[in-house]
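See structure below.
Please read these numbers as outputs of a predicted model, since none were measured by experiment. Sequence lines set the chain letters: A, B, ... in the order given, protein chains first and strands last, and positions in each chain run from 1.
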Number of protein chains: 2
Amino acid sequence: MVSVVRAGVTAERLVQAGVELADEVGFDGVTVSALARRFDVKVPSLYSHVRNSRDLKTRISLYALAELADRGAAALAGRAGRDALIALGTVYRDYAREHPGRYAAARLRLDPQTAASSAGPRHSQLMRAILLGYRLEGADQVHAVRLIGSTFHGYISLELAGGFDHSEPDSQESWERIMDALDALLRNWPALSTHTPPPEVAS
Amino acid sequence: MVSVVRAGVTAERLVQAGVELADEVGFDGVTVSALARRFDVKVPSLYSHVRNSRDLKTRISLYALAELADRGAAALAGRAGRDALIALGTVYRDYAREHPGRYAAARLRLDPQTAASSAGPRHSQLMRAILLGYRLEGADQVHAVRLIGSTFHGYISLELAGGFDHSEPDSQESWERIMDALDALLRNWPALSTHTPPPEVAS
DNA sequence: CCACCAGCCTAAAGCATTTAGGCAAATAGG
DNA sequence: CCTATTTGCCTAAATGCTTTAGGCTGGTGG
């Protein structure tokens with residue numbers, strides 16, 4: 001007999017459902033109550049599987065971080081330089097557009113403990129691998145990782161917020177030009193600021 | 001005689017208090033209830049001054065956007081090229097570090113109507129002014145605005161989230177190098193890509 | 001067979017939002 | 001100056017999410 005009296009909630013299924021819910025209603029809409037409704041179970045029942053709301057969101061975040069790192073690693077296989085840069089950027093961007101809730105989840109601020117054991121470090125690793133292809137190492141590599149991370153995240157964040165919606169040219173074109181620009185920049189990474197003299201005011 | 005029976009709440013004072021509260025407890029912590037406590041008034045009383053919670057946050061966002069645009073405009077006065085770029089970026093970054101709640105407020109997604117009449121367009125205007133100094137116009141200018149906006153916002157967002165906290169070199173150094181890099185890039189903005197189309201990223 | 005435990009439940013408290021309706025102080029008009 | 005209206009704040013109450021405490025039950029191991 002199929003048990004009707006047990007709903008079969010587990011932490012894993014909560015996370016899975018939470019991930020899907022996030023993409024439907026936004027990461028902020030992922031609530032213990034909403035998940036209880038989805039499992040047709042009373043709210044307090046979930047507290048035996050998950051410590052609290054924060055814990056739930058953390059798990060969803062870890063899931064998204066890992067999934068995204070997997071996709072990034074897959075996209076980077078066999079690529080280097082410009083191809084690799086564009087591939088990774090496109091993975092992030094496509095993930096954010098396909099799964100906005102998961103992308104938002106991946107950006108949840110984790111406590112240092114959790115962050116260290118998350119897939120976060122794998123993301124940095126992917127970027128560093130790309131930069132080796134540009135012969136960037138040491139401090140320059142760190143700066144470049146931060147630039148790329150900032151630009152990827154910033155662009156995706158603004159695009160997702162609709163910042164580029166009602167203006168020409170369309171966002172796809174800007175994205176491609178920005179990838180070009182980053183590639184050009186990395187191929188010719190400026191040395192320590194020699195403090196170029198202020199540009200002459202041309203007549 | 002000082003009236004003891006009227007607390008003297010107005011929409012303006014609510015916004016002002018909300019702005020300060022945002023910097024203290026984060027923009028998400030700005031709640032009608034918290035403001036009522038701050039004014040020592042019952043919660044429903046605020047609903048005669050503000051339509052609802054969303055309305056309150058929108059007003060705070062508009063305040064922050066305008067304040068930030070004012071600072072940007074002031075910083076740009078008399079500057080061009082690299083100096084202007086760094087000045088504007090630093091205004092954003094300093095504002096975010098001084099007033100994290102206001103910065104978060106400024107990033108609230110407004111409906112198109114409100115956005116159009118906000119100080120948002122002034123921000124784009126500032127960036128376009130800088131790019132004229134780099135001889136960037138037309139579509140290239142739009143792409144560059146988006147790049148700069150993305151990089152500024154992305155860097156500040158990651159820095160604020162503590163993403164650069166526990167690693168060398170420190171964030172200030174990266175910021176300076178990234179400003180250098182952006183300046184170099186704008187001085188030598190790449191023409192339309194003649195590269196072979198980017199390889200398809202795994203389906 | 002039975003005792004335990006895992007999985008779900010009800011009850012209840014805390015806090016935020018929001019609407020409805022009331023009273024009294026401030027103010028404007030005659 | 002006095003009244004009538006408006007304004008500012010109030011109580012009451014519904015809704016929704018979080019979280020803790022404690023109880024019932026059915027499947028499982030001894």
Axial cation check for Phe152(A) ring with Arg93(A), 6.0 Å and 45° limits: no

Stacked cation flag Arg102(B) on Phe27(B), 6.0 angstrom / 45 deg: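 Because its charged atom misses either the 6.0 Å distance or the 45° angle limit, Arg102(B) does not stack over Phe27(B).
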
To the nearest Å, give me how far apart [atom1] ([X]) and [atom2] ([N]) are.
X	N	atom1	atom2	answer
Leu35(A)	dT19(D)	CG	C1'	16 Å
Asp40(A)	dG7(C)	CG	P	18 Å
Tyr47(A)	dC9(C)	OH	C1'	16 Å
Asp55(B)	dT18(C)	CG	P	10 Å
Lys57(A)	dC17(D)	NZ	C1'	11 Å
Asn52(A)	dC15(C)	CG	P	17 Å
Leu56(B)	dT17(C)	CG	C1'	12 Å
Leu46(B)	dA16(C)	CG	C1'	12 Å

Describe, in one word, how the ring planes of Tyr92(B) and His123(B) are oriented to each other, choosing from parallel (under 30°), tilted (30 to 60°) and perpendicular (over 60°). parallel

Hey, is the side chain of [X] poking within less than 4.0 Å of OP1 or OP2 on [N], counting only N and O atoms?
X	N	value
Ser45(B)	dC10(D)	yes
Arg37(B)	dC15(C)	no
His49(B)	dT7(D)	no
Ser53(B)	dT17(C)	yes

Within residues 14-33 of chain A: residues closer than 4.0 Å to DNA chain C (heavy atoms): none

Strictly under 6.0 Å, is that where the ring centroids of Tyr95(B) and His99(B) end up? yes

Would the Trp189(B) and Tyr134(B) ring centres measure less than 6.0 Å apart?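 For Trp189(B) and Tyr134(B), the ring centres are not under 6.0 Å apart.
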
Within the 4.0 Å heavy-atom criterion, would you say Val9(A) contacts the bases, only the backbone, or no part of the nucleic acid?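 Touches sugar-phosphate only.
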
Electrostatic pair Arg82(A)-Asp180(A), nearest N-O below 4.0 angstrom: yes

For the pair Arg71(A) and Glu98(A), find out whether any cationic side-chain nitrogen is under 4.0 Å from an anionic carboxylate oxygen.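 Judged by the 4.0 Å cut-off on N to carboxylate O distance, Arg71(A) and Glu98(A) do form a salt bridge.
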
Looking at the side chain of Val41(A), which of dC9(C), dT18(D), dC10(D) is the nearest nucleotide?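 Taking heavy atoms from C-beta onward, the closest nucleotide is dC9(C).
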
Ignoring the backbone of Pro44(A), work out which of dC9(D), dT19(C), dT20(D) is nearest its side chain. dT20(D)

